[in-house]
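See below for the structure under consideration.
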Amino acid sequence: GNSVTQMEGPVTLSEEAFLTINCTYTATGYPSLFWYVQYPGEGLQLLLKATKADDKGSNKGFEATYRKETTSFHLEKGSVQVSDSAVYFCALRGKGGSNYKLTFGKGTLLTVNP
Amino acid sequence: DAGVTQSPTHLIKTRGQQVTLRCSPISGHKSVSWYQQVLGQGPQFIFQYYEKEERGRGNFPDRFSARQFPNYSSELNVNALLLGDSALYLCASSPSGTGDHEQYFGPGTRLTVT
């Protein structure tokens, strides 16, 4: 079945540091890939997505590139802010009959200190 | 426009009891999905409903059931509660029953079973 593996947290950075959160996946075919963010006490918000190989998703300074050859979708940001502190989830959605559901990784807690 | 709303926000139940959680999708959305997020884990898919019919079910016991009403709102019921059912229950709505559209998540219902 489909699965997502993302780097263990927590990750603690200073403001303006570079961020990378690794994500790899296992899936049949070519799924759509997502990064969601969850701020304390809130639900999930879609951060960015990519629907085919070599697509780059980007939003709010965050980027991730769909790498088919390495089955990866790593999240990056060049300069993090305190307001980026949250839990980040990598997720996939399969193609075909099961393409209605999202499969999530375990999440990575990011804390950015001033 | 209002986003996905869920009620109640929090509730505490005793083992063996039954609970009903409610979700109102974004206006115009006909699909509702339910996810369980245990503390420290990523959300796990429970159900998807579209046009009042169950379209998909995750690997959850029969104690979990759901339904969708003519106004597309939904209820998730859990019978014979176990301590392990303690989690954040997330509802997501989407315009259609396929994976072609983004899922929008509500803030969740925090269930504590004692």
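Order of the sequence lines fixes the chain letters, A, B, ..., with proteins taken first and strands second; residue numbering starts at 1 for each chain. All heavy atoms count here, side chains included; hydrogens, waters and symmetry mates do not.
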Atom pair CG (A:Leu102) and CD (B:Gln44), whose distance is rounded to the nearest 0.5 Å: 11.5 Å
Calculate, to the nearest 0.5 Å, the distance between atoms CZ and CD belonging to A:Phe104 and B:Gln37 respectively. 8.5 Å
Looking only at heavy atoms, the pair that brings B:Gln103 and A:Lys101 closest together is NE2-CA, 4.3 Å
Shared hydrophobic cluster, A:Val87 / A:Val11 (ILVMFWY, side-chain heavy atoms < 4.5 Å): no
Structural part of B:Tyr35 lying under 4.5 Å from a heavy atom of chain A: side chain
Below 6.0 angstrom between ring centroids: does that apply to A:Tyr36 and B:Phe105? yes
For A:Tyr39, does the OH atom sit with more than 12 other heavy atoms under 6.0 Å from it, leaving out its own atoms? yes
Answer with side chain, backbone, both or neither: which region of A:Gln38 has an atom nearer than 4.5 Å to a non-hydrogen atom of chain B? side chain
Find out if a path of hydrophobic residues (ILVMFWY) with successive side-chain heavy-atom gaps under 4.5 Å connects B:Trp34 to B:Leu81. yes
Which answer fits B:Gln6, side chain, backbone, both or neither, if we ask what part of it has an atom under 4.5 Å from a heavy atom of chain A? neither
Shared ILVMFWY cluster between A:Trp35 and A:Leu109, side chains joined below 4.5 angstrom? no
Does atom CZ of B:Arg63 have more than 12 heavy-atom neighbours, drawn from other residues, nucleotides or ligands, at distances under 6.0 Å? yes
What are the two closest heavy atoms between A:Leu44 and B:Pro43, and how far apart are they? CD1-CG, 3.7 Å
Test of understanding: clusters of I, L, V, M, F, W, Y form through side-chain heavy atoms closer than 4.5 Å, transitively. Do A:Val4 and B:Phe45 belong to the same one? no
